[in-house]
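To find a chain, count down the sequence lines: A is the first, B the second, and so on, and within it residues start at 1.
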Amino acid sequence: MVKKLEQIKGRAWVFGNNVDTDQIIQGRYLTLLDYAEMAKHAFEIPRPEFASAVRKNDIIVAGRNFGGGSSREEAPQILAKTGVGCVVAESFARIFYRNGFNVGLPLMTVPEVASVVSDGMKLTVDLSEGTLRVDETGEVLKGDALPQMMLDLLRAGGAVPWFRQQK
Amino acid sequence: MGKTLAEKILGSHTKKGDATAGEIVDATVDFLMVHEVLGSRIIPVLEEMGVEKVWDPERILVVNDHWAPAKDSMSAEIHQRNRNFVAKHSIKHFCDVNCGICHQVLPEMGLVKPGDLVVGSDSHSTSYGAFNAFSTGLAATDSALIIATGKCWFRVPESLRINISGNLPDMVMSKDLILKIVTDLGPDGANYKSIEFHGPTIDSMSVESRMTVANMSVEAGAKSGLMTVNDAVRTWVATRAPGVKWKEVVPDDDAEYVEQIDIDLEKELIDPIVAVPHSPSNGKPVSEVEGVKLDQAFIGSCTNGRLEDLEIAAKILKGKQINRSLRMIITPASRETYLQALRLGYIETFIEAGAIVTNSTCGACVGGHLGVLGSGEVCISSTNRNFRGRMGHPESLVYLASPATVAASALKGVIADPRSVQ
Ligand code: SF4
């Protein structure tokens, strides 16, 4: 099944630069095997209200180097679990970037996005076009187009279904 | 155009035998290291994928090191799953909870050699760059794909070249050098890139010191931290992997680098560096933080828990008592390190000085067990990360430093310059 990359509409949660993986999910929760349990602790340090207030398709907006630090795949997994529609950042740490697509969580790089968007704004992200629209103002920010490999992974729904298709 | 170390090593692992920065290649991996992530995350992915057979049971190392021995029933079950996996698939290389930290035991077991392409399910897998291997950290899904196929896709990184010359002054360690480099580059200064470390300083370093540098390259976002071979590496590989053939890889003279940085230690005499909370790239000369009151001093981890780290700490602590206002915890990086330190009398020195010596484990480094910090507590640590909450409570503070600085600070109860306690 080829999944179309639809537009993602949701509210913004804005973060600063260098949000590391310990801020997304602390190391002490890594022995929890159930992602849904773990997701209750998403962003516990920087935004303790996040896990209970996040809604489906909400969009994480961040500055530079989102997801640095540990290679833990739990970080993008639990964001996907909480219903986050996509993460838009000025740049991503390397391993997080790879992990996001592997678990089917869309990521997009958009310069200066964290200074344009504020918390709670309604956004529309179009991954195929690589754009982010601020619904209130109509302002459209242009992001980086996704490499083919990433589009393939997202269309498949992540690396596991992608692998099954290849077999 | 010439090739960088990253391009050469990655290229030699592709079908067409060539790789250029920016390109996405499918590469055959020589070796995979997995730890508790196997039991907690990779096995479920393998099940979901429907993978029954591992690609090569001789090319995988499984390590139970993060919570060794198990700190609770959940980690015990993860360890159990790893043991079952090892038995079921006849995995040749296995280190159970009595063995040590993954990045230390893999080279000790002779499982890395120059020119190799190594992947680990852990971000500090950059450590093996010290052995002239391209090594990098990936997570569960990628590890599962490698277990299934022995292959992995990589975007060939651009390279940043750092040339270092001059000697490190007394009581200044390779940890201080890499803290300075990570601070200069910033937490994402080498994001997506490979760092190549060159120059007489790197060439004359011990394997241990080199590993510290390669290990922390990832704190600037680097995909790998590569070095060419030196005599220490030659001896190491000859002893640990006798009879195994390998060929050194060197970059071409006309290789293209996105940036070249020269560090001359004779001109830029570096002081011991301390990275203040909450980033490894917040390095400051120790003089700027001297006197900060401490609750805990920790020496251990894949960054600085090796023999030379314990040696310098023992030298500083010998015949003295740590300050009563703090506790000191020392965790040798591996069983082998522990035994050597024991035979050399370092362990006795530590215990006599009032320190606690634990078995080899990641332990306190990841806030797992054996030294977790409470609210408001301040720790000086020889580890690699001081992110908020990394070693315990979100309101605790971690200062990163060399083992020499940690030992000196343990004597004074406050952050101290190791040159002041000699
Ligand atoms: S010692 Fe610390 S940094 Fe090294 S592998 Fe263990 S948890 Fe990771």
Side-chain angles (χ1 to χ4, degrees), chain A residues 17-35 38 41 44-46 48 63-77 90-104 147-150 152-153 158-164 166-167, chain B residues 24 36-37 39-42 44-45 48-51 66-67 71-75 77-78 120-125 136-145 148-149 153 155 157 186-188 191-193 218-219 221-223 278-279 281 365-368 372 385 387-392 394:
Chain A
N17 294 332
N18 301 313
V19 174
D20 58 71
T21 48
D22 279 271
Q23 310 311 301
I24 304 171
I25 182 71
Q26 287 177 74
R28 62 195 175 117
Y29 297 122
L30 297 181
T31 51
L32 292 172
L33 292 181
D34 180 6
Y35 282 126
M38 198 186 271
H41 304 283
E44 194 165 82
I45 296 176
R64 283 171 45 194
N65 199 31
F66 186 84
S70 140
S71 64
R72 65 189 66 147
E73 196 165 292
E74 287 87 344
Q77 277 283 14
E90 291 168 15
S91 69
F92 291 92
R94 173 189 87 74
I95 305 180
F96 185 91
Y97 189 74
R98 188 171 177 122
N99 289 345
F101 293 98
N102 276 345
V103 306
Q148 192 56 43
M149 183 74 206
M150 307 306 178
D152 291 347
L153 285 174
V160 172
W162 173 82
F163 175 80
R164 286 223 219 85
Q166 309 282 309
K167 266 211 296 196
Chain B
I24 289 182
E36 277 91 339
V37 170
S40 64
R41 307 290 164 209
I42 301 175
V45 178
E48 235 185 290
M49 285 176 172
V51 175
H66 273 55
W67 306 286
K71 73 177 172 93
D72 53 19
S73 59
M74 286 186 291
S75 39
E77 280 162 29
I78 292 171
S121 68
D122 186 280
S123 60
H124 291 102
S125 303
T136 195
L138 297 173
T141 303
D142 284 311
S143 301
L145 287 168
T149 64
W153 64 267
R155 184 185 167 280
D188 60 348
N191 201 9
Y192 301 113
K193 299 189 188 84
V218 70
E219 305 312 331
K223 186 169 195 161
H278 294 286
S279 169
S281 59
C365 171
V366 64
V372 180
R385 287 191 177 137
F387 301 148
R388 195 182 282 276
R390 167 77 180 187
M391 292 181 73

What's the shortest heavy-atom distance between [X] and [Y], and which atoms?
| X | Y | result |
| --- | --- | --- |
| Ala75(A) | Phe96(A) | CB-CE1, 4.0 Å |
| Pro147(A) | Tyr97(A) | CD-OH, 4.0 Å |
| Gly392(B) | Val372(B) | CA-CG1, 3.7 Å |
| Met38(A) | Arg41(B) | CE-NH2, 2.8 Å |
| Ala159(A) | Leu153(A) | CA-CD2, 3.8 Å |
| Gly137(B) | Ile95(A) | O-CD1, 3.3 Å |

Exercise. Charged N to carboxylate O below 4.0 Å: is that the case for Arg385(B) and Asp22(A)?
Worked result: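 Salt bridge absent between Arg385(B) and Asp22(A).
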Please look at [X] and chain A and tell me whether the side chain, the backbone, both or neither of the residue comes under 4.5 angstrom of a heavy atom of that chain.
| X | answer |
| --- | --- |
| Leu138(B) | both |
| Thr149(B) | side chain |
| Ala222(B) | backbone |
| Trp153(B) | both |
| Arg390(B) | both |

With a 4.5 angstrom heavy-atom cut-off, could you sort out which part of [X] is near chain B: side chain, backbone, both or neither?
| X | value |
| --- | --- |
| Glu74(A) | side chain |
| Leu33(A) | both |
| Phe92(A) | both |
| Thr21(A) | neither |

For this session: Would you check, one step at a time, whether the test side-chain hydrogen bond (donor to acceptor under 3.5 Å, both in side chains) holds for Ser75(B) with Glu36(B)?
Result: CA-CA 8 Å; Ser75(B) 39; Glu36(B) 277 91 339; over 6 Å; no
Exercise. Looking at Glu44(A), Arg64(A), Arg28(A), which has the largest count of heavy-atom pairs under 4.5 Å with chain B?
Worked result: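 Of Glu44(A), Arg64(A), Arg28(A), Arg64(A) has the most heavy-atom pairs under 4.5 Å with chain B.
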Exercise. Looking at Val37(B), Asp72(B), Thr136(B), which has the largest count of heavy-atom pairs under 4.5 Å with chain A?
Worked result: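 The answer is Thr136(B).
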Exercise. Taking every heavy-atom pair that is under 4.5 Å apart, which of Val218(B), Ile78(B), Val51(B), Val366(B) has the most such pairs with chain A?
Worked result: Ile78(B)
